[in-house]
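Counting from 1, the numbers follow the sequence of the chain as shown.
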Amino acid sequence: MSVQAEAPRPAASGRRVGAREISAEMGEITNVMEYQAIAKQKLPKMAYDYYASGAEDEWTLQENREAFSRILFRPRILIDVSKIDMTTTVLGFKISMPIMIAPTAMQKMAHPDGEYATARAASAANTIMTLSSWATSSVEEVASTGPGIRFFQLYVYKDRKVVEQLVRRAERAGFKAIALTVDTPRLGRREADIKNRFVLPPNLTLKNFEGLDLGKMDQAADSGLASYVAGQIDRTLSWKDVKWLQTITTLPILVKGVITAEDTRLAVENGAAGIIVSNHGARQLDYVPATISALEEVIKAARGQLPVFLDGGVRRGTDVFKALALGAAGVFVGRPVVFALAAAGEAGVSNVMKMLRDEFELTMALSGCTCLADITRNHIVTESDRLRVMPSRL
């Protein structure tokens, strides 16, 4: 009987394991998107829907991907590409490639090893992992996995003593930067979570808050997470709080959730160390632009005064190249990591990083670029470029 025809067998965790996972174990996965179907099969519906869904109509969720497909290449030829250097420096830290791991919450819902596995895979790939405030492993636990360059994503709670304590714990645990999420004064309307009455499974806690009686999430009439956010997250968060954070930590602060020129200029004025162009994985306000569509506006407004990164919709090495051609200093990858974690644990996350790296290296070679500095705006054509060169019909 062929592998594809083999009946699903029980996994050690009690979850169903199907033919697609067997294919993954045999190394037949050829791109990072294939992990999503495996994750959907393996995970409980509430967990999968939490990771996969976006806000309201999910227009931005789809657009985060489709906008990449509307950017075309202008490759250069007859260039010696026998040696390609993908290394880069982020906030002074040298990494192997401009592809990093975005913060995704509650990773032990995906796999028992959760954030431990992701941290080890990031370290092995010599790249940066960003740990979510709402991780199911604490900053200390993640630090215990061994060396690695790690950033800490921060939500600002109403109780600022909680925030101070958490930031200082991250600093003591060796985290190198704070990624301050600024687009979540309230949680976006995620209808899948409402239908599922989403709540963190009873065997898991938000580990960073466990000793503060903030680690559990209560059942609610709709989404337990939305109720938790409404009760805990500070809606008064403003630019003055970026300044306040600078008084309690020496870590550089990246502002995560910027998609406009106006907010870019304010980030520069308020001393941000960098910007992450993000729409929260299309999970907050629907009908905002794809991050790749917003990137150039932010880059122009930043005027080289601070590095600009991107997350949202990155699924191919070609996407990474397009972001860098538009001026990004690097990209962060979220859902592919958590789906691969669900499918195959640490090995899955490692494979995602390897596939994206290999695809990016091939894109560089076929575009005639031997190092990141070679990647320029002239290597791509966007929709707006095409509109500008169209002859007038008037």
Measure from the side-chain N and O atoms of [X] to the backbone N and O of [Y], and report whether any donor-acceptor pair falls under 3.5 Å.
X	Y	result
E34	T30	yes
N208	S133	yes
T249	L251	yes
N31	R316	no
Q284	R186	yes
R335	G281	yes
R189	E56	no
E115	Q107	yes
R65	G313	yes
N279	A282	yes

hydrophobic_cluster_shared for [Y] and [X], side chain cutoff 4.5 Å:
X	Y	value
V32	M86	yes
V182	V156	yes
L362	M97	no
I276	W239	no
V331	V255	yes

Look up atom [atom1] in [X] and atom [atom2] in [Y], then write down how far apart they are to the nearest 0.5 Å.
X	Y	atom1	atom2	answer
M109	T136	CE	OG1	8.0 Å
K108	L341	NZ	CG	11.0 Å
L154	L180	CG	CG	5.5 Å
D85	L372	CG	CG	7.0 Å
T382	R70	OG1	CZ	10.5 Å
I375	K322	CD1	NZ	13.0 Å

Open item on the list: Side chains of R76 and T376 only: does a donor on one sit below 3.5 Å from an acceptor on the other?
Closed with: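 No donor-acceptor contact under 3.5 Å links the two side chains.
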Open item on the list: Can a side-chain donor-acceptor contact be found between S278 and D311 if the only test is distance below 3.5 angstrom?
Closed with: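 Judged by distance alone, the side chains do pair up.
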Open item on the list: Check this for me, if you would: do R315 and E359 make a salt bridge, where the nitrogen-to-carboxylate-oxygen distance has to be below 4.0 angstrom?
Closed with: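 No.
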TODO: Locate the shortest heavy-atom distance separating S53 from D193; write the atom from each residue and the value.
DONE: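 Smallest heavy-atom distance, with atoms named: OG-OD1, 4.4 Å.
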Open item on the list: Show, in sequence, the C-alpha distance, side-chain angles and deciding distance for E269 and K243, and conclude whether the salt bridge (charged side-chain N to carboxylate O under 4.0 Å, His left out) test is met.
Closed with: CA-CA 10 Å; E269 288 170 18; K243 295 283 193 185; over 6 Å; no
Open item on the list: Listing request: all ring-ring contact (aromatic ring centres under 6.0 Å, His included) pairs with a residue in residues 333-385, at least two apart in sequence or in separate chains.
Closed with: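 Pairs touching residues 333-385 that pass the test: Y48-F339, F321-H379.
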- [ ] Name all pairs fulfilling the ring-ring contact (aromatic ring centres under 6.0 Å, His included) condition that reach into residues 247-287, sequence neighbours left out, sorted by first residue then second.
- [x]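 For residues 247-287: W59-Y287.
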- [ ] Going by the salt bridge (charged side-chain N to carboxylate O under 4.0 Å, His left out) test, name the single residue among K207, R169, R150 that passes it with E140.
- [x]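 Exactly one pass, corresponding to R169.
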Open item on the list: Are E191 and D57 packed together at the side-chain level, in the sense that at least one heavy-atom pair is separated by less than 4.5 angstrom?
Closed with: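 Side chain of E191 against side chain of D57, heavy atoms only: no contact under 4.5 Å found.
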- [ ] Answer yes or no: is there a side-chain heavy-atom contact under 4.5 Å between T318 and F73?
- [x]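 Touching, per the 4.5 Å side-chain cut-off.
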Open item on the list: Parallel, tilted or perpendicular, judged at 30° and 60°: which one describes the rings of W134 and Y155?
Closed with: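 Rings of W134 and Y155: parallel, as their planes differ by under 30°.
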- [ ] Can you label the angle between the Y50 ring and the F198 ring as parallel, tilted or perpendicular, going by 30° and 60°?
- [x]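 It falls in the parallel class, under 30°.
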Under 3.5 Å, sequence neighbours excluded: what are the donor-acceptor pairs made by side chains of residues 292-307?
residue, atom, partner, partner atom, Å
E296, OE1, R377, NH2, 3.3
E296, OE2, R377, NE, 2.7
E297, OE2, A261, N, 2.8

Indicate every side-chain donor-acceptor pair of residues 123-131 with a distance under 3.5 Å to a residue at least two apart or in another chain.
residue, atom, partner, partner atom, Å
S123, OG, P147, O, 2.7
T127, OG1, I99, O, 2.6
T130, OG1, I101, O, 3.0

Open item on the list: My understanding is that only residues two or more places apart in sequence, or in another chain, count here; which of them pass ring-ring contact (aromatic ring centres under 6.0 Å, His included) with Y116?
Closed with: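 ring-ring contact (aromatic ring centres under 6.0 Å, His included) check on Y116 returns nothing, list empty.
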Open item on the list: For K161, I'd like to know if atom NZ has over 12 heavy atoms of other residues, nucleotides or ligands within 6.0 Å.
Closed with: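 Not more than 12 within 6.0 Å, no.
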Open item on the list: Can you tell me if R160 has over 12 outside heavy atoms packed within less than 6.0 Å of its CZ?
Closed with: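 Result for CZ/R160: enclosed.
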Open item on the list: One pair to check against side chain to side chain contact (heavy atoms under 4.5 Å, CB included): V242 and Q246. What are the steps and the verdict?
Closed with: CA-CA 6 Å; V242 176; Q246 292 164 355; 3.9 Å; yes
In a table with atom names and distances, give each donor-acceptor pair under 3.5 Å that connects a side chain of residues 347-357 to protein atoms at least two apart or in another chain.
residue, atom, partner, partner atom, Å
S350, OG, E346, O, 3.3
N351, ND2, Y35, OH, 2.9
K354, NZ, D358, OD2, 2.7
R357, NH1, S96, O, 3.3

